Amino acid sequence: MVEEKPSKKRASSTEEKMRFLVEALSKWRVVEPWWQSERDPYRVLVGLLLGNRTSYALRQRYLPKFFEKFPSLDSLLEASEEELVEALRPFGLYKLRARMLRELAEKIAALGGLGAFLSLEPSKARELLLSVPGVGEKTADIVLAALFGKEVFVVDTHILRIAKRLGIVPSGSDLYEARRIMEPLIPRDKRIRVHLALIQLGREICRPRRPRCSECPLRPVCEYAAKKQLGASLSSLVARRASGPL
DNA sequence: TTCCTGCAAA
DNA sequence: TTTGCTGGAA
């Protein structure tokens, strides 16, 4: 941990930026959790696990095909290794994922099925999820949010990128440091909505490449946008001087 | 080329 | 702390 220098106080603090962010995003767009309209907890679970490190487009396209082949936890258990790998191939990371889904299915089956899993204490469910190879804290916690109603704020790649651009977290932060900083600054009942809204923002506007800053509701508190604006002003000034009379 | 709603082995 | 895993899309 680095000591925070009081002299380094910025015009807009992390706390102020987070307040703005929560406010702006709830006005920007109301994003309903997709897992609320999905009744089948098996699909929620698998959808979340396969969402990791996978683009939205890929998931939209191939997840329905996957569920056609494997509509239930039991179907995962009955499948051969090759069948599972084949169905997972378009998602990438298929060997790891085949093993992950297989082991998850086995552990839940050993427990007595999905119903038994869902009636676990959340902390026990988290433990089970973390014992599955390929499932880490980020994934376990988003499953707890979706299936156990935990009001957590989970940081993923999109949210980390946005937080760094805004200047809310240090540039070297990982998912977990960003979460430690941001989660306490979001009211519990808004954490899921803010999480989902940020992911959508990251996909559509604050994209990895060529972000659409002019359309961004968080622009007023964004360091990246401010720098970009400054850069644009300077270069247009230089261009004008260069093309102007002597 | 880089990156994708990470994770774990090295 | 770094690197491999993965095919597909931009």
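The sequence lines fix the lettering, A, B, ..., with proteins before strands; numbering per chain opens at 1. Note that this is a predicted model, so its numbers are computed, not measured. Reckoned from all heavy atoms, side chains included, excluding hydrogens, waters and symmetry mates.
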Colleague: Distance check, C1' atoms only: C:dT6 and B:dT2, in whole angstrom units.
Modeller: 15 Å
Colleague: Pick the nucleotide of DNA chain B nearest each of A:Trp34 and A:Leu130; which residue has the one closer to the 5' end?
Modeller: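 Mapping each residue to its closest nucleotide by heavy atoms, the 5'-most match is A:Trp34.
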Colleague: How would you list, by chain and number, every residue that makes a ring-ring contact (aromatic ring centres under 6.0 Å, His included) with A:Phe148, sequence neighbours excluded?
Modeller: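 A:Phe148 satisfies ring-ring contact (aromatic ring centres under 6.0 Å, His included) with A:Phe117 once adjacent residues are dropped.
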Colleague: Taking ring-ring contact (aromatic ring centres under 6.0 Å, His included) as the test, write out the residues that go with A:Phe67, two or more places apart.
Modeller: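 Here the qualifying residues are A:Tyr42.
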Colleague: Would you say that A:Arg193 contacts A:Ser26 through its side chain, given a criterion of any heavy-atom pair below 4.5 Å between the two side chains?
Modeller: no
Colleague: Report the residues that fulfil ring-ring contact (aromatic ring centres under 6.0 Å, His included) with A:Phe66, sequence neighbours left out, ordered by chain and then residue number.
Modeller: A:Phe70
Colleague: Below 4.0 angstrom, which residues in residues 204-212 of chain A have at least one non-hydrogen atom near DNA chain B?
Modeller: A:Pro208, A:Arg209
Colleague: Could you check how far CG of A:Leu88 sits from P of B:dC4, rounded to whole Å?
Modeller: 21 Å
Colleague: Check every strand shown and say whether A:Arg161 touches a base, only sugar-phosphate, or nothing at a heavy-atom separation below 4.0 Å.
Modeller: sugar-phosphate
Colleague: Holding to side chain to side chain donor-acceptor pair (under 3.5 Å), I want the full list of residues that pass it with A:Arg29, two or more places apart in sequence or in another chain.
Modeller: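 Residues passing side chain to side chain donor-acceptor pair (under 3.5 Å) with A:Arg29: A:Glu204.
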Colleague: Which atom pairs, one a donor and one an acceptor, fall under 3.5 Å between side chains of residues 105-113 of chain A and the rest of the protein, sequence neighbours left out?
Modeller:
residue, atom, partner, partner atom, Å
A:Lys107, NZ, A:Ser131, O, 3.0
A:Lys107, NZ, A:Ser131, OG, 2.9

Colleague: Calculate the interatomic distance between A:Tyr176 atom OH and C:dT1 atom C1'; express it in whole Å.
Modeller: 16 Å
Colleague: Give me each pair satisfying salt bridge (charged side-chain N to carboxylate O under 4.0 Å, His left out) with a member in residues 109-135 of chain A, each pair once, sequence neighbours excluded.
Modeller: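 Matches after skipping sequence neighbours: A:Arg126-A:Glu137, A:Arg126-A:Asp141.
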Colleague: How many Å lie between CD on A:Glu86 and P on C:dT6, as a whole number?
Modeller: 13 Å
Colleague: Going by number, which of residues 39-68 of chain A have a non-hydrogen atom under 4.0 Å from DNA chain C?
Modeller: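 Hits under 4.0 Å, by residue number: A:Leu58, A:Arg61.
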Colleague: Check DNA chain B against residues 89-98 of chain A and give the residues with a non-hydrogen atom under 4.0 Å, in numerical order.
Modeller: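 DNA chain B contact set from residues 89-98 of chain A: none.
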Colleague: Which pairs count as side chain to side chain donor-acceptor pair (under 3.5 Å) when at least one residue sits in residues 60-71 of chain A, sequence neighbours excluded?
Modeller: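 Matches after skipping sequence neighbours: none remain.
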Colleague: Could you give the distance separating B:dT5 and C:dA10 at their P atoms, to the nearest angstrom?
Modeller: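 Nearest-Å result for C:dA10 against B:dT5 at atom P: 12 Å.
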Colleague: Holding to side chain to side chain donor-acceptor pair (under 3.5 Å), I want the full list of residues that pass it with A:Arg161, two or more places apart in sequence or in another chain.
Modeller: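 With sequence neighbours excluded, A:Arg161 shows a side chain to side chain donor-acceptor pair (under 3.5 Å) to A:His158, given in chain and number order.
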Colleague: Hey, does A:Val135 reach any base, or is it just sugar-phosphate, or nothing, if we go heavy atoms under 4.0 Å?
Modeller: sugar-phosphate
Colleague: Between P on B:dT5 and CZ on A:Arg191, what's the gap in Å once rounded to a whole number?
Modeller: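 Distance check: A:Arg191 CZ to B:dT5 P gives 24 Å.
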Colleague: Does A:Ile181 reach the side chain of A:Met18, with side-chain heavy atoms less than 4.5 Å apart?
Modeller: no
Colleague: Given the P atoms of C:dG4 and B:dT1, what is the spacing between them in whole Å?
Modeller: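 Those two atoms are separated by 14 Å.
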Colleague: Going by side chain to side chain donor-acceptor pair (under 3.5 Å), name the residues that satisfy it together with A:Arg97, two or more places apart in sequence or in a different chain.
Modeller: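 Here the qualifying residues are A:Thr54.
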Colleague: Let me know the distance between NZ of A:Lys164 and P of B:dT5, rounded to the nearest Å.
Modeller: 16 Å
